[in-house]
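As the structure is a prediction and not an experimental result, all values here were calculated from the model. Letters go in sequence order (proteins before strands), and every chain restarts at 1. The analysis underlying the following values was restricted to heavy atoms, covering all of them including side chains, and did not include hydrogens, waters or symmetry mates.
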Amino acid sequence: MKELVKFIPLLPLAGFLVNGLLNKKMPKTMAGLLASSVMAFAFIISFSTFLSIKDQPNASFVVNIYDFINVGSLKIPFSFLIDPLSVLMMMIITGVGFLIHIYSMGYMHDDEGQVRFFAYLNLFVFFMLLLVMGSNYIIMFIGWEGVGLCSYLLIGFWYKNQNYNDAAKKAFIVNRVGDLGFILAIFLIFNQFGSVQFADVIASASKLGTGSVMLTAITLLLFVGATGKSAQLPLFTWLPDAMAGPTPVSALIHAATMVTAGIYMIIRSNILFTLSPTTCAVIAGVGVATALFAATIGLAQNDIKKVLAYSTVSQLGFMFLALGVGSYTGALFHVMTHAFFKALLFLGAGSVIHAVSGEQDIRKMGGLKGKLTITFITFLLGTIAISGIPPFSGFFSKDEILAAAFSYSPILWGLGAVAAFCTAFYMFRLLFLTFFGTFRGTEEQKHHLHESPISMTLPLMVLAVLSVVGGYANIPAVLGGGEYLAKYLAPVLAPTTEYIAAHGHKAHLSHETEYALMGASVVIALIGIILAYVTYVAKKAVPAEDGAELGFLHKLILNKYYVDEIYDAVFVKPLYALSSFGYKFVEVSGIDKLVNLTSDSFVLGSKVSSKLQTGNVGTYLLLMVIGVIAILAYNFSRI
Amino acid sequence: MIALVILALLGVFLMMSGVLGIGRKSAGVVATLGIGAALLANTLMWDKDVTALNEMFNKMMIVDNYGLAMVGVILASAFGLFLLSDKYFSEITNYFTEHYALYIFALVGMICMVMYNNLSMLFIGIEIMSVSLYILAGSNKTNLASNEASLKYFLMGSFATGILLMGIALIYGATGSFYLSGIESHFVDNPDSNNIIALVGMFLLLIGMAFKVSVAPFHFWAPDVYEGSPTFVTAFMSTAVKVAGFASFYKLMYICFTPNILYWESVVWVMIVLTISVGSITALIQTGVKRLLAYSSVSHAGYMLITILTANEDSDLLFYTAAYVIASLLAFGVLFLVIDAKGDDKVESFNGLSKSNPFLAFSLTVAMASMAGLPLTAGFFAKFYVLTAAVKDGYIYLVLIAIVNAMVGIYYYFKVVIAMFFKEESSETISISVSPFYKLVLTSGILATIVLGVYPDLVYNLI
Amino acid sequence: MDKIFYFLSFLALLSAGMVVATKNPIHSVLYLLVTFTSITGHYILFNAQFLAAVNFIVYMGAIMVLFLFVIMFLNLNEKIEPMKSNIMKFIGVIAGCVLLALFVGTYKSALVMPVQPGVDTQIGLLKSLGLVLFRDFMLPFEVASVLLLAAMIGAVMLAKKDWN
Amino acid sequence: MESIINVIPLNYYIMLSAALFCIGVTGVLIRRNAIILFMSIELMLNSVNLLLTAFSSYSGDPNGQVFVFFIMAVAAAEVAVGLAIIVVMYRNTSSIDIDLLDKLRN
Amino acid sequence: MITLALIFFPLIASILVFLSGNNNAKKVALLGGLVQFVLSLVALSKYQVDPSSLAVNQAWLTSLGVNFTVGIDGIGIVLVLLTSFLIPIIILSTFEREFKNAAAFYALILFMSSALIGVFVSYNLLLFYIFWEAALIPIYFIAGYWGGEDRVKVTFKFFLYTIIGSLFMLVGIIYVYLQARSFDYTTLSALELTCSQQGWLFWAFFIAFAIKMPIFPFHTWQPNTYTTAPAAGTMLLSGIMLKMGIFGVIRWLVPISKAAFLCNGDIVIVFAVIGIVYGAVLAIKQDDIKRLVAFSSISHVGLIAAGLFAANELSLQGSVIQMFAHGVNVVGIFFIVDLIERRTGTRSIKELGGIINQAPLLSVFFVIIMLGSVALPLTNGFVGEFLLLNGLFQYHAGLAAVAGLSIILGAVYMLKMYQNVMLGESNEVTSNFAPLTLSEIIVLTVISATVIIMGVYPKYFLDLSQADIHSLVSSHCSSASCIK
């Protein structure tokens, strides 16, 4: 098994290389098949790895590939850590990735850049696998930046459109802001622990003591990294824009895998966070704020993918809320379920877009359920799952988070519940506007409406099944579940568990409370659904056209709280202005002027000294005599 | 000494043939060969025991390796220059033979200046040289500039002679001797000498010599005279004359006044600073290459003057003068041709020379690089040795000022290079034909500059 | 004796001053002649007979005649004599005075060399000078001939009109 | 006849010579006529001659007087050349005013 | 002997190229460059067996007691490799261009490579200085003769500016020579000086190196020169020549100024860090691609400089590998700029766009090299930048954080440039963009491959200099003293 593990990332890499190097020479259909098959193999290996290590307490192992960097005390092997956490992530990545590859074969069928697309996708999977498999922070960082690159390449996949390119650039740059935090954290870790290996860091973390400044700094910086990659406040703005990429990309990268990297990273370093309550509080706060913030924006969006994007941001906020309140399992659980249903939703949306010839505005859709039956059903299942209706997967994962949040602070629970309400509302609003009512697009679009090919619907069905049953991986004990995921992850979370066991300050909720909370959240979701139904099905309301008069609040959320505009005014414009100013006034008229002034002063001196050379012998003789006098005077003074 | 005799006879011979009006065509060849013979004779004396010869004339002149080396540089530069003389003479005058005779006499004077051991020899040597130069500077009689140069040089030169003589007189009065050794022993015997008369004499002597080598503030004649004189004379003045001046100046200061250095150190220090700065800074905005080279020569005089301050570094001076002379020869060689072709010496006249005549452009570039003191040229080590000696003696600030001026120097030397390589010729290209002698001199100049830039020991270890 | 000294010195200084001050070039030459005469007088006082003779012949005879000749040749006179502005003159005089003051000031503190008793007063005679000149100063003497030759060619070359 | 050297101190001669020298210098500075300038220079040379002779006589050393002889020879040569140059100048400019020599300048 | 061959072979080759005539010059030059590269590989293999076998010590100037001492250590070998690797690439990169006086052009390039190698192998300060200056002259002529608009003024300023710096160093060299009575590396590193002596020496040397690199605020010659010089000249300048300054610091400044090096580190690092941000910020709004890259180079070099003066093992190691990486990347970018300019006649970002439609292959290379430049992991830029920032972080966390802004800003200007030049719809300027030629593909392939190979397996390069840096740090950087 150990030997095969290194093939998990190598397979997609090989796929990338073959597709990438052959590019034009590669037959289009072959490209998809190749890319998908390497994913299939990778998944098979991941799955068998999973089988081999599950239920075994000390099954994790490290695979060394080669020494990456060895400088002085800094030793960074290129090695993979195979443990329950990474294997789970690998399965999600390769599994969901495989499905999306399959889907893409249909979705991208007519695109001329198909080969390139699959090459990028494979490359992305490669980096994502590096991210989760790396046994130290550097390898993780390699993957971390690599997925950012692929995200950049895929968002700007249709490079002729400069708006898409802008979105890609924005994604990369905002991510880099986070990356800076991450890499500074790595420096701190190295300087503190003398190693960047997870094992070493975790082993010596507790020596620093709870709440030490150093740990807080490290974790805060790590969290900054996570906010970038996982689109949290204040660095979330790139994710909605990232929808410019092809829809499978949105599904794979911007919903299921890459954006959860931040959560993975925090779970990976869980003990560090457990030891710094301040950071945890910050994370919880940011998480819930993001969840709420994005959810409210989602209420008023009209672009099918934008709604899903804000939903993703919001769901990621939930995950961070979970991390902040110490429920690492809950977070990962939600990562998993979210991967299923959000991938499903995106792919469904892709199917819809495919059907309506590229239209993304839900105001111009409607009544599609008849024509796109499979898409509709699967999309419905996904929507229910995300809204948190039992027994769909989303219910369990979200409920676990909300329960943990409640035990941490009821206020957090309250805010989370509001976000959950919004989620249910806007998701069903989306569903209703898209599939119910009558078609609002052009006649031509109507004429073209068709269900997607099997390569696209098959992944939808598989994901739909997973979205429905995914929750069974970790049914809470209170509902008679085995909390399988928690047990599976126990070795990874052992340091945290031990620490809590030793300090014992985690209050357990009573069963009654848990039941109450569950009930409350279901009720809240249902209210949201009903409200959406009333508004968009019963009243047949359609969101206002662009430019219509709107209330202040509506306008505010429709324009996403003007965050982009604010960032533009606060960061982008000043930076550009600074650049122009710096060049004109500091560089050219400042430093360079000063440099030139030095040489000019010599020229000036030259002009002055030239004046002495009058051409008049009398003057020369006088000057000579003055010289003589000066020397003799000097001599006289020395006597 | 034999060189002296050869040259004196050669001069008389040329003069007589001039009077008789014969051998006009071959005068140049005879003169060049004669200088060559003198150079050979000079070289043959190297390392020989010449006590008897020195005694013969009562040690009025001392033949030693220092003198031989310096005379060697002078004669070699004159030899090189004469090889380049073909066009020059026929154009400005009918009196070639007499001209050649005057150059030869000037060389005789220089030998006296370099090898003197008695102030009378120094004085007479200087006068022979100066008188010849006064005439040569004005040899283009119908040219006002030449005339003006000649008169200026003459007036100021004789004035300086007056000062020099006053110095000699006072020195004699104080020390009772015209012999260098006599003067030296006076100062050595009276180490804390406050013999004011001797000191005044010393300073006046210093001033007189400073004038001859164009050290500020007694340099004012140089730019005007260099510019006004026929180019060939300018070349002669900035090579052989300069070397002779410094060789004698150095000898004088080193032998006689080193015991007294505390008295004149600061004066010379100031002179050096003034010379280097005035030379290089004023050169910045010059548009004529001759004038530019004149200021450059002033500035180089400052560097050479450093050797006098640091003393006991004969090799420094030798190397510096050798490097400077070679570079000057190269520069003037090209300048002759360009002036000949273009009619003036403006920097613009050099525009596009690299295209019409790359060889000349390259020669001049090497010359300028050497004068600027860039590595791989002799000029670099020349400055390097001088500045090293100065730092060794603790003249850090002096060196810093010198360095700043070296930077300024690069600026104006490269103005010419820029014109040659990077600027387009305004009018149509005039191709300049280069005679074999020019090729010979320029090629050997380039080689010498580079060889000395890589392996300076060749000259430096001579003395 | 000392009276002669004072007289000659006074005469030399006065006429030297007049050389510089007088406007007419010919007068200047004549004043210069007077100066030289008084200096010749000093030579005689020193018993430097040879120098006195040479000075008389070379300076007053040859050189001054040459000056006079050129001045007359060029027809210079008071009317066309160029004069510097007063301010320049003033500066020149000041400079001269400062120089003199420096000399005087410096010499005042100089040690006065005592006259050795039994100094040979006959050195200035032809015989003694001849010996020194042709024995010790043989080489400069010979070389000086080169100087004269050079001056001769030069003067001829410059002054002569070109043939063409 | 009692020698002058026993009557008049050497310093007097030094002073006299210095005075003559300075008059010469002043002349150089205040005149514009090239010939007068040249005469002033001759004055300076003569002051040197006087000084050398004085030193020579006071110390009983003939070398100084020989040197004066050389100076005279040199002066003669210079005068010949100098006047020739002045004549050439006069031919070209019809003047011997040194202030007219200002063609060569920066 | 191989060391001497490395220095003198290009010199001979340069003469041969000059004599071979304008038509054959480029081929002969390329051949010379390749032979030189092979020679450097031979040197590398010898180095790995026994570094001391590369040392040569010949009597040279007896008057000053100077020996011709050369040798190659771990730091030198990296730069020798860089030089001999880049020179053939640079020569090949010009194959699509026709130069007037081509023979002179290529001869100058080879002459320069000789001087550059000389700088990197000299163990004698005077020799170092001579090579240092000798390297300047060919590039001055290359930039001045074959350069673009305003070349005369710009290159002359560059020439003067750098020479001014060198002359200060010359004073320092003379001074230190008189203290040690030797120019020899070992003698000089054992020299004991007073604090103030060390301080003066530090600044005298530092200014020369700072101008060469250049470190803010001595950089103003650089953008103009890079912009004006012909592409090959810009590549030489940015790819190799600026490394002379960095190398000079490691080889000479550290052992000579000792304690002053450590205690002046603060000031220098502050300026270097200002330069990092300054260069990056100014790059953002540049319209001329070359100028943009020039400012980015200021930023990158600022980081290397900061790392140098942080003077710990990580940062020094980082700076050494980053020298190589930066050299390769910047040559790649300038080459791309050149081939775009050659095809479209412009370097203005505003006027370009959509080149990817015509030349997708170019965009691939562009992306790879750009990623190297923005230090994406698994490219060569990352290793150096990571080590440098880490080392700087050990020195001062706050400064490292500020320096780290370049991670963000670098992405801003690079991506902006890439987007506006390559992506989008083609316009009339770019619609006739000719596909890449063979020589261009070779150059770009070699560079891109290097970018990735070094990024994926940096250990080989790091190991080259590891031992020497370790000993340098332990002997000079960890503790240094001066006589009070």
Side-chain angles (χ1 to χ4, degrees), chain B residues 118-121 123-124 126-128 130-132 134-135 137-138 141-170 172-174 176-179 182 197 200 223-229 282 285-288 291 295, chain D residues 10-11 13-14 17-18 21 24-25 28-29 34 37-38 40-56 58-61 63-64 66-71 73-75 77-82 84-86 88-93 96 98 100-106:
Chain B
N118 185 298
L119 292 182
S120 62
M121 281 305 284
F123 170 61
I124 290 181
I126 286 177
E127 280 309 307
I128 298 176
S130 304
V131 165
S132 308
Y134 301 151
I135 301 158
K141 282 194 284 183
T142 48
N143 182 326
L144 259 181
S146 171
N147 229 242
E148 180 178 337
S150 170
L151 188 56
K152 274 182 177 169
Y153 193 18
F154 169 72
L155 283 175
M156 295 168 78
S158 354
F159 182 71
T161 304
I163 294 173
L164 180 83
L165 281 173
M166 191 55 157
I168 292 178
L170 291 170
Y172 169 70
S177 175
F178 291 113
Y179 281 101
I197 293 178
V200 174
D224 291 5
V225 173
Y226 275 44
E227 189 188 353
S229 306
T282 318
I285 57 162
Q286 301 308 322
T287 50
R291 207 172 179 84
Y295 281 111
Chain D
L10 176 58
N11 270 14
Y13 273 103
I14 299 178
S17 146
F21 189 83
V25 170
V28 167
L29 292 182
L37 242 68
F38 194 21
S40 303
I41 291 169
E42 288 301 326
L43 211 52
M44 288 161 68
L45 294 187
N46 267 278
S47 78
V48 173
N49 286 352
L50 182 62
L51 187 60
L52 275 169
T53 317
F55 281 136
S56 171
Y58 277 73
S59 60
D61 172 28
N63 285 350
V66 174
F67 204 99
V68 172
F69 171 72
F70 284 122
I71 293 177
V74 166
E78 269 195 0
V79 167
V81 171
I85 292 172
I86 290 171
V88 174
M89 180 201 172
Y90 188 82
R91 280 202 192 128
N92 282 325
T93 63
I96 51 168
I98 55 161
L100 295 179
L101 300 176
D102 58 357
K103 306 292 173 298
L104 298 173
R105 57 192 293 182
N106 281 329

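If you measure heavy-atom distances from L165(B) to chain D, the contacts under 4.5 Å come from both the backbone and the side chain. With a threshold of 4.5 angstrom between heavy atoms, I285(B) does not approach chain D through any atom at all. Residue E148(B) touches chain D through both its backbone and its side chain, counting heavy-atom pairs closer than 4.5 Å. In this structure, the portion of F154(B) lying under 4.5 Å from any heavy atom of chain D is its side chain and not its backbone. In this structure, chain D has no heavy atom under 4.5 Å from any part of Y179(B). The part of F178(B) that comes within reach of chain D is its side chain, from C-beta onward, which places non-hydrogen atoms under 4.5 angstrom from that chain. Using a 4.5 Å cut-off between heavy atoms, T282(B) touches chain D through its side chain atoms alone. Residue contact with chain D, scored on non-hydrogen atoms closer than 4.5 Å, involves the backbone and the side chain of L170(B) alike.
Once rounded to the nearest 0.5 Å, the distance linking CG of L151(B) with CZ of F38(D) reads 10.0 Å. Atom OG of S177(B) sits about 8.0 Å away from atom CG of D61(D), to the nearest 0.5 Å.
The candidate with the highest count of non-hydrogen atom pairs below 4.5 Å against chain D, out of G138(B), S130(B), S150(B), A137(B), is S150(B). Between chain D and the options E227(B), R291(B), K152(B), heavy-atom pairs under 4.5 Å are most frequent for R291(B). When each of E78(D), M44(D), R91(D) is scored by its heavy-atom pairs under 4.5 Å with chain B, the top score falls to E78(D). Between chain B and the options D102(D), V66(D), L43(D), V68(D), the largest number of non-hydrogen pairs under 4.5 Å is found for D102(D). Counting heavy-atom pairs closer than 4.5 Å to chain B, the top residue among L51(D), I86(D), I98(D) is L51(D). Among the candidates N49(D), L45(D), V74(D), the residue making the largest number of heavy-atom pairs closer than 4.5 Å to chain B is V74(D). Looking only at heavy-atom pairs under 4.5 Å with chain D, the residue among D224(B), I168(B), I124(B) that has the most is D224(B). Between chain B and the residues A84(D), A73(D), S56(D), the most heavy-atom pairs under 4.5 angstrom are made by S56(D).
Heavy atoms only, all atoms of each residue included: F67(D) and L119(B) are closest at CE1-C, 3.9 Å. Heavy atoms only, all atoms of each residue included: T93(D) and L144(B) are closest at CG2-CD2, 3.4 Å.
Of the possible donor and acceptor atoms, one in the side chain of Y172(B) sits under 3.5 Å from a partner among the backbone N and O of G64(D). Side-chain atoms of N147(B) do not come within 3.5 Å of backbone N or O of L101(D) as any donor-acceptor pair.
Side-chain contact check for Y153(B) versus I85(D): every heavy-atom pair is 4.5 Å or farther apart.
With S158(B) as reference, I41(D) is the one residue of V28(D), I41(D), V79(D), L37(D) to meet the side chain to side chain contact (heavy atoms under 4.5 Å, CB included) rule.
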